[in-house]
Amino acid sequence: MSENELPDTKAGRVDWVIRAETNEEMRRRYDLWAQDYDSDVGSYDDYLVPWEATKVAEIVLSKEALILDAGAGTGLVGQTLKEAGFQRLIAVDYSEGMLDIARKKQVYEDVHQCDLSRPTQFETGSIDCVITCGTTTQMPCASLREFARIVRPKGKIIFAVVPDAWVDFGYADILSELEAQGKLSVKSRGEPFQMLPTTEPDFYCEIWVIDVR
Ligand SMILES: C[S@@+](CC[C@H](N)C(=O)[O-])C[C@H]1O[C@@H](n2cnc3c(N)ncnc32)[C@H](O)[C@@H]1O
């Protein structure tokens with residue numbers, strides 16, 4: 001199969017993006033997957049994460065909160081948040097292909113292309129909450145430091161955590177470091193649930209709420 005060909009099956013596409021060897025290769029793969037992403041995973045019976053994360057957001061945030069959806073992709077999380085009544089949503093992702101789909105949904109007040117392996121344009125303490133879903137095996141773990149910087153004191157990070165990847169990809173170490181510095185503390189860890197019950201029944205995820213101090 002050439003690098004420019006999408007795998008034929010949904011499970012093949014999920015696996016193909018995870019197996020990208022570089023950040024740039026993954027971005028290109030998401031650009032290619034973008035048109036089919038929502039028909040592959042955008043329904044409640046096949047990708048539960050946006051709905052589970054939104055339920056948690058409804059408990060810990062006010063509907064006026066300024067929420068940054070990090071690794072927003074095609075905007076599935078923005079859609080579920082908007083349906084739940086959240087009004088102030090910003091999307092960031094490095095795949096223009098994914099963001100083109102997100103823009104058309106008109107649920108975000110701003111949509112920015114940016115690579116979360118680098119510092120973002122957001123000012124320190126300017127965001128009430130970062131929410132991030134489907135990204136533990138993909139975004140660089142240094143993004144957690146950036147989230148701790150841009151979220152205001154007493155704000156939240158709502159992170160859909162894949163527990164093994166959280167450790168293997170280095171997030172656990174960065175969280176420990178930021179906890180020791182008094183910058184972050186874990187407020188709650190939700191029960192594990194199957195994030196892709198039909199496509200990948202062995203993938204489990206937990207929704208964590210992290211307080212920014
Ligand atoms: C599995 S998708 C999840 C999209 C969306 N949050 C959802 O739940 O449907 C992962 C997203 O993370 C984005 N991503 C991965 N690495 C990134 C990086 N370094 N900077 C910005 N976005 C990144 C990809 O482009 C992709 O849109």
Side-chain angles (χ1 to χ4, degrees), residues 23 27 30 34 37 49-162 166 169 171 174-175 178 183-188 190 205 207-213:
N23 205 29
R27 190 188 63 69
Y30 271 110
Y37 182 87
V49 184
W51 286 269
E52 294 298 321
T54 295
K55 281 188 218 160
V56 172
E58 289 188 273
I59 297 167
V60 300
L61 298 178
S62 84
K63 293 286 162 67
E64 293 74 38
L66 179 61
I67 304 175
L68 181 75
D69 181 3
T74 59
L76 293 178
V77 178
Q79 274 180 288
T80 56
L81 287 168
K82 192 81 173 186
E83 279 161 17
F86 292 98
Q87 294 301 321
R88 301 213 53 209
L89 308 173
I90 300 173
V92 292
D93 199 285
Y94 69 174
S95 160
E96 265 301 341
M98 296 290 271
L99 289 178
D100 280 347
I101 310 281
R103 278 191 194 92
K104 290 186 185 131
K105 294 179 179 171
Q106 299 190 328
V107 294
Y108 298 102
E109 64 184 44
D110 259 318
V111 174
H112 296 280
Q113 198 260 348
C114 82
D115 183 346
L116 291 159
S117 64
R118 308 205 185 104
T120 64
Q121 69 269 52
F122 299 100
E123 287 184 16
T124 301
S126 59
I127 301 289
D128 295 318
C129 174
V130 166
I131 191 163
T132 187
C133 295
T135 52
T136 329
T137 56
Q138 336 224 329
M139 259 178 354
C141 58
S143 56
L144 188 57
R145 278 203 194 91
E146 182 64 1
F147 301 159
R149 181 186 74 76
I150 65 178
V151 173
R152 66 168 170 79
K154 298 199 164 79
K156 306 273 181 254
I157 299 168
I158 299 177
F159 211 124
V161 168
V162 175
W166 184 258
F169 284 72
Y171 286 98
I174 292 185
L175 177 62
L178 294 170
K183 293 186 178 163
L184 295 184
S185 69
V186 177
K187 181 182 169 67
S188 61
C205 177
I207 308 296
W208 291 18
V209 179
I210 301 173
D211 280 329
V212 178
R213 312 296 284 260

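Every value quoted in this text rests on a predicted model; they were computed, and no experiment measured them.
Side-chain contact between Asp115 and Asn23: present, with at least one pair of heavy atoms (C-beta onward) separated by less than 4.5 Å. Counting heavy atoms from C-beta outward, Ile158 and Cys129 have side chains that approach closer than 4.5 Å. No side-chain heavy atom of Ile207 sits less than 4.5 Å from a side-chain heavy atom of Phe159. Proximity of His112 to Leu99: side-chain heavy atoms (C-beta onward) are nowhere separated by under 4.5 Å. Lys183 places none of its side-chain heavy atoms less than 4.5 Å from the side chain of Val212. Side-chain atoms of Phe169 and Val162, non-hydrogen and from C-beta on, never get closer than 4.5 Å to each other. Between Ile90 and Leu66 there is a side-chain heavy-atom pair separated by less than 4.5 Å. Inter-residue side-chain proximity for Val209 and Val56 is flagged as met; some heavy-atom pair is nearer than 4.5 Å.
Remark: the backbone N or O of Leu144 is not paired with any side-chain donor or acceptor of Tyr171 at under 3.5 angstrom. Within the 3.5 Å criterion, the main-chain N or O of Pro50 finds a donor-acceptor partner in the side chain of Thr54. Under a 3.5 Å cut-off, the side chain of Lys154 and the backbone N or O of Asp128 do not form any donor-acceptor pair. At least one donor-acceptor pair under 3.5 Å links the side chain of Asp93 to the backbone N or O of Gly73. Looking only at distances, a side-chain donor or acceptor of Gln113 sits under 3.5 Å from a matching main-chain atom of Tyr94. Side-chain atoms of Glu123 never come within 3.5 Å of backbone atoms of Gln121 as a donor-acceptor pair (strictly under, hydrogens ignored).
In terms of heavy-atom proximity, Phe147 sits nearest to Ala70 at CZ-CB, 3.6 Å. Contact detail for Val107 and Gln79: the closest heavy-atom pair is CG2-N, 4.0 Å. The nearest pair of heavy atoms linking Ala148 to Leu184 is CB-CD2, 3.8 Å. The two residues Ala160 and Cys133 come nearest to each other via the heavy atoms CB-CA, 3.8 Å.
In this structure Glu58 satisfies the side-chain hydrogen bond (donor to acceptor under 3.5 Å, both in side chains) test with no other residue, sequence neighbours excluded. For Arg145, the salt bridge (Lys or Arg N to Asp or Glu O under 4.0 Å) partners are Glu177, not counting sequence neighbours. Applying the side-chain hydrogen bond (donor to acceptor under 3.5 Å, both in side chains) rule to Lys82 yields no partners; only residues at least two apart in sequence or on another chain are considered. Thr135 is linked by a side-chain hydrogen bond (donor to acceptor under 3.5 Å, both in side chains) to Thr132, counting only residues two or more places apart in sequence or in another chain. With sequence neighbours left out, the side-chain hydrogen bond (donor to acceptor under 3.5 Å, both in side chains) criterion links Tyr30 to Gln138. Every ring pair (Phe, Tyr, Trp, His ring centres under 6.0 Å) that Trp208 has, sequence neighbours left out, goes to Trp166.
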For this session: Decide yes or no on side chain to side chain contact (heavy atoms under 4.5 Å, CB included) for Thr120 and Val92, but give the supporting numbers first.
Result: CA-CA 9 Å; Thr120 64; Val92 292; 6.0 Å; no
Exercise. Going through the checks in order, is the side chain to side chain contact (heavy atoms under 4.5 Å, CB included) test met by Ile101 and Tyr37?
Worked result: CA-CA 10 Å; Ile101 310 281; Tyr37 182 87; over 6 Å; no
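To the nearest 0.5 Å, the span separating CD on Glu146 from SG on Cys114 amounts to 8.5 Å. The CG atom of Asp69 lies 6.5 Å from the CD1 atom of Ile131; values are rounded to the nearest 0.5 Å.
Residues Arg27 and Ser95 bring no donor and acceptor atom of their side chains to less than 3.5 Å of each other. For the 3.5 Å distance criterion, the side chains of Ser185 and Arg213 qualify, holding a donor opposite an acceptor.
Annotation: Lys187, atom NZ; neighbour count of heavy atoms from other residues, nucleotides and ligands within 6.0 Å does not exceed 12.
Look at Asp211 and Lys156 and you find a salt bridge, because one of the NZ, NE, NH1 or NH2 atoms lies within 4.0 Å of a carboxylate O, short of that distance. Taking a cutoff of 4.0 Å between a charged side-chain nitrogen and a carboxylate oxygen, Glu109 and Arg88 qualify as a salt bridge. Salt bridge present: Glu96 and Arg103 bring a charged side-chain N and a carboxylate O closer than 4.0 Å.
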